[in-house]
S.K.: 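Next up is a structure, given as structure tokens.
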Amino acid sequence: VAAGVAVLVGVAVLLILLILCAVLAPFIVDLNKYKRTILAQLEPYVPREVDFQHVELTLLTGIGAEIQGLRVSENPRFGDGDFLVLNTLKVRIRILPLLKGEIKVSRITMNEPVVHLIRDSQGVFNFSDFGGGGKVVPEGERETETQVAHAEKEADTGPGVLAWLLVNSLDLRNGTVTYRDELLFPEAPPLAVEALDLTVKDLSLSKPVTLNLDAGVFKSSGQNLHLAGVVGPMGDTLVADRIPFQISCKLDPLPWDAVPHEVRTRAMTGSPYRVLNGSLRWDLVAEGSLQDGVRTRAECHLDDAVFQKSEVDGTETRTGRIQLALTEVAVLNHPEQTLEIESAGISLNGNRVLMQGRVENYLEAVSYTHLRAHET
């Protein structure tokens with residue numbers, strides 16, 4: 001009996017010591033003195049100025065580290081300021097591989113990230129310099145053919161920075177993303193996506209990845225945009241155009257006056273009508289890849305809409321409440337810049353027009369459409 005009690009006491013003491021170590025370790029082990037080493041490891045993959053305020057070891061909530069006040073500077077070609085600002089970044093390490101001397105990430109959690117995305121008038125994104133060995137190229141400088149060939153060779157040798165980012169779970173909470181498109185909407189203010197929550201499961205290069213996203217768009221007071229789907233396998237070479245996906249996207253009813261002015265204006269270009277009010281909602285399903293073609297099925301509804309028409313004599317008239325619905329099934333061929341419309345429908349208070357056709361050169365300033373329509 002005495003021996004059994006001694007064993008129990010020993011186990012209890014050991015557990016207490018382990019708990020004390022877990023509690024005290026973050027205060028004893030100062031990871032901040034390795035800050036330069038940590039930042040140096042990122043240089044080959046993130047060719048920007050990267051900094052953070054504080055980093056500490058975590059044990060009680062899982063072996064790993066928590067970084068506070070992380071920031072990544074903007075590509076100077078696109079301006080000053082920051083590309084990414086992150087309140088806290090938590091990384092959890094797998095225990096069994098750690099015992100073998102290997103570091104493998106099990107979970108990444110990002111709290112309150114703010115990301116600014118930009119596409120310039122040439123169609124280049126401000127994150128295009130990320131990846132294995134990428135460098136910031138000042139505006140006006142072009143890469144030589146030798147540099148391009150070398151970059152392509154490096155891209156084919158492996159997944160680069162994503163090699164270590166194969167995790168069981170990636171969570172993003174209360175994020176903000178702004179997007180400015182100088183190619184399609186050069187005069188429009190940035191589109192803001194707020195209250196963004198994203199969960200990615202089984203992030204891998206060799207298997208499909210599942211994701212779920214909820215966010216608020218068009219200055220919504222809550223989360224009105226919902227997206228779910230599967231992406232991948234992404235493959236070791238990580239060529240974006242070849243990555244297959246199946247995504248569904250839904251927008252909850254949104255007041256028409258909350259839609260950005262530029263979008264409302266473009267939607268009614270060439271029409272004598274102007275939408276005064278109504279409620280917009282849509283459902284979209286897309287599957288395929290940019291290289292092999294993307295098949296889309298979409299429904300867009302403008303409910304209880306009131307239109308105002310400008311007459312030739314300068315007078316204006318208003319309609320009653322109208323139920324307008326647009327539906328389409330189409331195949332996007334990105335390499336050829338074509339959109340094959342298998343079926344498109346316009347429904348106006350029960351009267352419906354069906355169309356089929358083809359849209360060419362959709363990325364150019366002028367698109368050519370060939371449509372066949374009949375009324376039902």
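Position 1 is the first residue of the sequence, and the numbers go up from there.
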S.K.: Is it true that, when you exclude D80 itself, more than 12 heavy atoms of the residues, nucleotides or ligands shown sit nearer than 6.0 Å to its CG?
M.R.: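 No, because the 6.0 Å sphere around CG of D80 holds 12 heavy atoms or fewer from other groups.
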S.K.: Mind telling me whether F127 and F83 have parallel, tilted or perpendicular rings, with 30° and 60° as the class edges?
M.R.: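 Ring orientation of F83 relative to F127: tilted.
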S.K.: Which side-chain hydrogen bond (donor to acceptor under 3.5 Å, both in side chains) pairs, counting each pair once, include a residue from residues 209-218, with sequence neighbours left out?
M.R.: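 Sorted pair list: D214-H226.
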S.K.: Please say whether more than 12 non-hydrogen atoms of neighbouring residues, nucleotides or ligands are located less than 6.0 Å from NZ in K35.
M.R.: yes
S.K.: Do you see a donor-acceptor pair shorter than 3.5 Å between the side chains of H116 and D82?
M.R.: no
S.K.: Do F52 and L86 have side chains that get closer than 4.5 Å, going by heavy atoms?
M.R.: no
S.K.: Taking the side chain as every heavy atom from C-beta outward, state whether R107 and S169 have any atom pair closer than 4.5 Å.
M.R.: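 Result yes, sub-4.5 Å side-chain heavy-atom pair found.
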S.K.: Taking only residues two or more places apart in sequence or in another chain, which ones pass side-chain contact (heavy atoms from CB on, under 4.5 Å) with E316?
M.R.: Q308, S310
S.K.: Give the C-alpha distance, both sets of side-chain angles, the deciding distance and a yes or no for salt bridge (charged side-chain N to carboxylate O under 4.0 Å, His left out) between D120 and R77.
M.R.: CA-CA 10 Å; D120 67 15; R77 170 177 174 173; 2.9 Å; yes
S.K.: Is it the case that the side chain of N224 and the backbone of V217 share a donor-acceptor pair, with hydrogens and angles ignored and the cut-off at 3.5 Å?
M.R.: yes
S.K.: Which donor-acceptor pairs under 3.5 Å do the side chains of residues 189-201 make with protein atoms, sequence neighbours left out?
M.R.:
from: D197; atom 1: OD1; to: N174; atom 2: N; distance (Å): 3.0
from: D197; atom 1: OD2; to: Q223; atom 2: NE2; distance (Å): 3.0
from: T199; atom 1: OG1; to: D171; atom 2: OD1; distance (Å): 3.4
from: T199; atom 1: OG1; to: R173; atom 2: NH2; distance (Å): 3.2

S.K.: Between R92 and N168, does a side chain to side chain contact (heavy atoms under 4.5 Å, CB included) hold up when you go through it step by step?
M.R.: CA-CA 10 Å; R92 298 292 175 260; N168 293 337; over 6 Å; no
S.K.: Mind checking the CZ-CE spacing from R352 to M355? Nearest 0.5 Å is all I need.
M.R.: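 Going from CZ on R352 over to CE on M355, the span is 10.5 Å.
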